[in-house]
Amino acid sequence: MKTILSLLMLICMCACDSESEDFIYKEYELPAKAGALELDIETDKAVLINDKVEFERVFSNFPNAKAVDFKNYTLLLVKGVSTSGIRSIEKTILKTDNKYMFTIHVNKNIATVMEPWCLAYIIPKTSEENIILSVTYELL
């Protein structure tokens, strides 16, 4: 029994060590709902924040926004506006070599209201040339 328990602990420890190497992204909890989140960034574009000064500029209306460790990570923001209601937002995030491929598919419904949306991710430190973004809208 002790041998099995020791083996399980060893497997768990190895899995924890490799987690940092396999880290691709973590969703960042935004300080407000998408409709109330007025961020001064471009629409349907990947916006990377790599320092505290830019973070404070973008989140100037939200002083309680959670801090990010900009020495090791980048905050990636994407916002958009659907020309009708939103049924769901599907996202795929892949890392190939040093490039991050973000695919966002907004499934619209027939509601006659413009609906804003915003997604945010914490990714390992990177720059704009390493981000490939695709945003599509489809009425279901």
Side-chain angles (χ1 to χ4, degrees):
M1 183 69 172
K2 285 184 180 181
T3 306
I4 293 172
L5 188 57
S6 297
L7 185 58
L8 288 172
M9 288 177 55
L10 180 62
I11 291 170
C12 288
M13 288 172 44
C14 290
C16 292
D17 288 343
S18 67
E19 185 177 310
S20 62
E21 294 171 11
D22 296 335
F23 178 78
I24 296 176
Y25 76 96
K26 178 177 134 181
E27 287 193 41
Y28 175 78
E29 186 179 330
L30 292 165
K33 292 184 180 181
L37 192 64
E38 288 296 324
L39 298 180
D40 185 21
I41 61 173
E42 290 187 61
T43 302
D44 294 335
K45 302 261 183 183
V47 175
L48 276 64
I49 299 176
N50 276 314
D51 60 57
K52 187 176 180 178
V53 172
E54 181 66 5
F55 179 82
E56 289 174 351
R57 184 193 71 76
V58 171
F59 289 96
S60 62
N61 295 330
F62 303 95
N64 294 328
K66 291 184 179 181
V68 175
D69 173 12
F70 290 113
K71 288 182 183 177
N72 298 306
Y73 300 103
T74 294
L75 179 61
L76 173 83
L77 297 170
V78 182
K79 80 171 188 177
V81 178
S82 174
T83 55
S84 64
I86 296 175
R87 176 173 288 164
S88 64
I89 298 177
E90 298 170 8
K91 51 199 175 271
T92 305
I93 301 170
L94 301 171
K95 182 179 179 191
T96 57
D97 299 321
N98 286 330
K99 302 250 185 222
Y100 293 88
M101 298 173 55
F102 290 84
T103 304
I104 300 169
H105 186 78
V106 179
N107 295 312
K108 303 186 306 182
N109 61 30
I110 60 171
T112 57
V113 61
M114 302 273 287
E115 190 169 346
W117 58 270
C118 189
L119 301 173
Y121 302 98
I122 296 174
I123 59 176
K125 193 77 166 181
T126 193
S127 57
E128 285 187 28
E129 62 267 7
N130 295 326
I131 302 294
I132 301 167
L133 174 69
S134 170
V135 178
T136 58
Y137 294 85
E138 182 179 6
L139 181 61
L140 292 179

For this session: Kindly give the heavy-atom pair with the smallest separation between S84 and K108, and that separation in Å.
Result: OG-CB, 3.3 Å
Exercise. Do other residues, nucleotides or ligands put more than 12 heavy atoms under 6.0 Å from E129 CD?
Worked result: yes
Exercise. What distance do E42 atom CD and L77 atom CG have between them, rounded to the nearest 0.5 Å?
Worked result: 12.5 Å
Seminar exercise, completed: CG (N61) and CD (E38) are apart, to the nearest 0.5 Å, by 8.5 Å
Exercise. Short question: side chain of N50, backbone of T126 - any donor-acceptor pair under 3.5 Å?
Worked result: yes
Problem set entry | Distance (rounded to the nearest 0.5 Å) between W117 CH2 and I104 CD1 | 4.5 Å
Problem set entry | Any donor-acceptor pair under 3.5 Å from T74 side chain to L48 backbone | no
Exercise. Is the gap between the ring centers of F102 and Y121 under 6.0 Å?
Worked result: yes
Exercise. Which atoms form the tightest heavy-atom contact between Y137 and S82, and what is the distance?
Worked result: CE2-CA, 3.9 Å
Exercise. Between F55 and F59, what is the ring plane arrangement, given parallel below 30°, perpendicular above 60°, and tilted in between?
Worked result: tilted
Exercise. Is there a donor-acceptor pair closer than 3.5 Å between any side-chain N or O of K125 and the backbone N or O of K71?
Worked result: no
Exercise. How many angstroms lie between CG in N109 and CG in L139, if you round to the nearest 0.5 Å?
Worked result: 8.0 Å
For this session: Could you tell me whether I110 atom CD1 has more than 12 heavy atoms of other residues or ligands within 6.0 Å of it?
Result: no
Exercise. Taking atom NZ of K52 as the centre, does the number of heavy atoms from other residues, nucleotides or ligands within less than 6.0 Å exceed 12?
Worked result: no
Exercise. Does D69 CG have over 12 foreign heavy atoms under 6.0 Å away?
Worked result: yes
Problem set entry | Cluster companions of V81 among Ile, Leu, Val, Met, Phe, Trp, Tyr (side-chain spacing under 4.5 Å) | M114
